[in-house]
Undergrad: 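Below are the structure tokens for one structure; questions will follow.
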Amino acid sequence: MQYDEIIKARYSVRSFTGQVVEDEKLEALFEAARVAPTAANRQPVRILAAKSDEALAAVDEATQCRFGAKLVLIVLGNTETCWFRRFDGAKSNEVDASIVATHMMLKAVELGLGTTWVMHFDPKVISEKFELPANLVPVALLPTGYPSPESKPNDNHFKRINIGELVEYR
């Protein structure tokens with residue numbers, strides 16, 4: 001599958017089969033995350049692979065948006081090791097974690113998997129349930145797995161602004 005095909009095929013999967021993601025596919029997702037660019041190559045991102053019943057129950061306490069996935073990748077940004085912009089002190093942890101999550105979402109499509117980016121979750125619950133140190137901030141949850149046969153893109157997926165609205169030349 002070519003890159004243009006991957007980015008156009010990717011959609012937010014909200015219905016998964018019960019099929020477990022194979023270890024080799026999980027490792028391929030992690031490799032895609034590992035090579036993702038981060039500010040100053042600080043790599044201030046960590047990933048929790050929630051797949052045990054206990055871990056998935058903890059995720060369910062933080063969000064109603066697991067959609068039956070048997071695997072949730074919890075993407076964390078490290079506020080202590082990230083790069084910061086000297087002009088205003090802005091930290092790169094959320095941007096870096098977002099880039100890593102995007103790499104994994106696109107790799108998932110190539111592997112025949114589906115994901116959805118979930119930001120609708122209680123980060124305090126994730127932090128408490130997974131006993132995270134204060135410097136590891138949950139940025140995104142990625143329910144991941146095999147899309148169910150009924151899974152299809154939401155109607156909003158196809159609504160795109162035109163290039164003229166997106167880009168302004170100066």
Undergrad: Please determine, by modelled atom types, if N78 and N135 share a side-chain donor-acceptor pair under 3.5 angstrom.
TA: yes
Undergrad: Where do E168 and R170 land on the salt bridge (charged side-chain N to carboxylate O under 4.0 Å, His left out) test, with the steps shown first?
TA: CA-CA 6 Å; E168 179 180 334; R170 292 187 175 217; 2.7 Å; yes
Undergrad: So which atom in T81 and which in P44 form the shortest heavy-atom distance, rounded to 0.1 Å?
TA: OG1-CB, 3.4 Å
Undergrad: Can you check whether C65 reaches P143 side chain to side chain, under 4.5 Å on heavy atoms?
TA: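 Of all side-chain heavy-atom pairs linking P143 with C65, none is under 4.5 Å.
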Undergrad: Can you name the salt bridge (charged side-chain N to carboxylate O under 4.0 Å, His left out) partners of R34, sequence neighbours left out?
TA: E31
Undergrad: Roughly how far, to the nearest 0.5 Å, is CD of Q2 from CD1 of I7?
TA: 11.5 Å
Undergrad: Side-chain heavy atoms under 4.5 angstrom apart, residues restricted to Ile, Leu, Val, Met, Phe, Trp, Tyr: same cluster for L142 and M119?
TA: yes
Undergrad: Please check if the side chain of S92 supplies one atom and the backbone of W83 the other of a donor-acceptor pair under 3.5 Å.
TA: yes
Undergrad: So does N156 have more than 12 non-hydrogen atoms from other groups sitting under 6.0 Å from CG?
TA: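 Count over threshold, so yes.
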Undergrad: Atom CD in E54, atom OG in S52: separation rounded to 0.5 Å?
TA: 5.5 Å
Undergrad: Side-chain heavy atoms nearer than 4.5 Å, only ILVMFWY residues, links allowed to pass through others: does that put F84 and F87 together?
TA: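 No.
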Undergrad: Considering residues, nucleotides and ligands other than D155, do more than 12 of their heavy atoms fall under 6.0 Å from its CG?
TA: no
Undergrad: Applying side chain to side chain donor-acceptor pair (under 3.5 Å) as the test, list every pair that has at least one member in residues 58-74; sequence neighbours left out.
TA: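 For residues 58-74: D60-R66, E61-K129.
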Undergrad: Working note: F30 + I47, criterion side chain to side chain contact (heavy atoms under 4.5 Å, CB included); need CA distance, chi angles, decisive distance, verdict.
TA: CA-CA 8 Å; F30 296 151; I47 302 161; 4.1 Å; yes
Undergrad: Any heavy-atom pair between the side chains of I74 and V59 that's under 4.5 Å?
TA: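 In short, these two side chains touch, coming nearer than 4.5 Å.
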Undergrad: Nearest heavy-atom pair of T17 and S148: which atoms, and what distance?
TA: CG2-CA, 3.6 Å
Undergrad: Which atom names give the shortest non-hydrogen contact between L71 and A49, and what distance separates them?
TA: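 So the minimum-distance heavy-atom pair works out to CD1-CB, 4.2 Å.
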Undergrad: Flag yes if more than 12 heavy atoms outside R160 fall under 6.0 Å of its CZ atom; otherwise flag no.
TA: yes
Undergrad: Kindly give the heavy-atom pair with the smallest separation between F130 and A50, and that separation in Å.
TA: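 Taking every non-hydrogen atom into account, CZ-CB, 4.3 Å.
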Undergrad: F67 and F16: which non-hydrogen atoms are nearest, and at how many Å?
TA: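 Minimum heavy-atom contact is O-CD1, 3.3 Å.
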Undergrad: For the CG atom of L29 and the CE atom of M104, what is their distance to the nearest 0.5 Å?
TA: 7.0 Å
Undergrad: What's the spacing between L111 CG and L106 CG if we round to 0.5 Å?
TA: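 Here the rounded value is 11.0 Å.
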Undergrad: Just by modelled atom types, is the Y11 backbone N or O under 3.5 Å from a matching donor or acceptor in the H157 side chain?
TA: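 Not a single qualifying donor-acceptor pair exists.
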Undergrad: Look up atom CH2 in W117 and atom CG in L141, then write down how far apart they are to the nearest 0.5 Å.
TA: 10.0 Å
Undergrad: Please tell me if the side chains of L132 and L76 come closer than 4.5 Å, counting only heavy atoms from C-beta onward.
TA: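 Answer yes - side chains close enough.
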Undergrad: Is a side-chain N or O of D96 found less than 3.5 angstrom from the main chain of Q43, in a donor-acceptor match?
TA: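 No; zero donor-acceptor contacts below 3.5 Å.
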Undergrad: Using a 6.0 Å cut-off, check whether atom CZ of F158 has over 12 heavy atoms from anything other than its own residue.
TA: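 Yes - once you tally the heavy atoms of other residues, nucleotides and ligands closer than 6.0 Å, there are more than 12.
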Undergrad: Are any of the side-chain heavy atoms of V137 and P123 separated by less than 4.5 Å?
TA: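 Answer no - side chains too far apart.
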Undergrad: Are any non-hydrogen side-chain atoms of L73 and L26 less than 4.5 angstrom apart?
TA: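 The answer is yes, as the side chains (C-beta and beyond) meet within the 4.5 Å cut-off.
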Undergrad: Suppose the criterion is salt bridge (Lys or Arg N to Asp or Glu O under 4.0 Å): which pairs have a residue in residues 108-122, not counting sequence neighbours?
TA: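 Applying salt bridge (Lys or Arg N to Asp or Glu O under 4.0 Å) to every pair that reaches into residues 108-122, excluding sequence neighbours, yields K107-E110.
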Undergrad: Kindly indicate, with the supporting measurements, whether the criterion side-chain hydrogen bond (donor to acceptor under 3.5 Å, both in side chains) is fulfilled by Y146 and K25.
TA: CA-CA 11 Å; Y146 288 92; K25 289 189 177 185; 3.0 Å; yes
Undergrad: I want to check something: taking the side chain as every heavy atom from C-beta on, are V21 and L113 in contact at a cut-off of under 4.5 Å?
TA: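 Side-chain contact under 4.5 Å: yes.
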Undergrad: Could you tell me whether the side chain of V72 reaches within less than 4.5 Å of the side chain of L56, counting heavy atoms only?
TA: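 L56 vs V72: side chains touch.
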Undergrad: Would you kindly say whether S151 and S15 are connected by a side-chain donor-acceptor distance under 3.5 Å?
TA: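 Judged by distance alone, the side chains do not pair up.
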Undergrad: Within the supplied structure, the quantity of interest is the number of heavy atoms (other residues, nucleotides, ligands) at a distance under 6.0 Å from E24 CD; does it exceed 12?
TA: yes
Undergrad: I161 and E165: which non-hydrogen atoms are nearest, and at how many Å?
TA: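 Residues I161 and E165, closest heavy atoms: CB-OE2, 3.7 Å.
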Undergrad: Nearest 0.5 Å, what's the OG-CE distance between S12 and M105?
TA: 7.0 Å
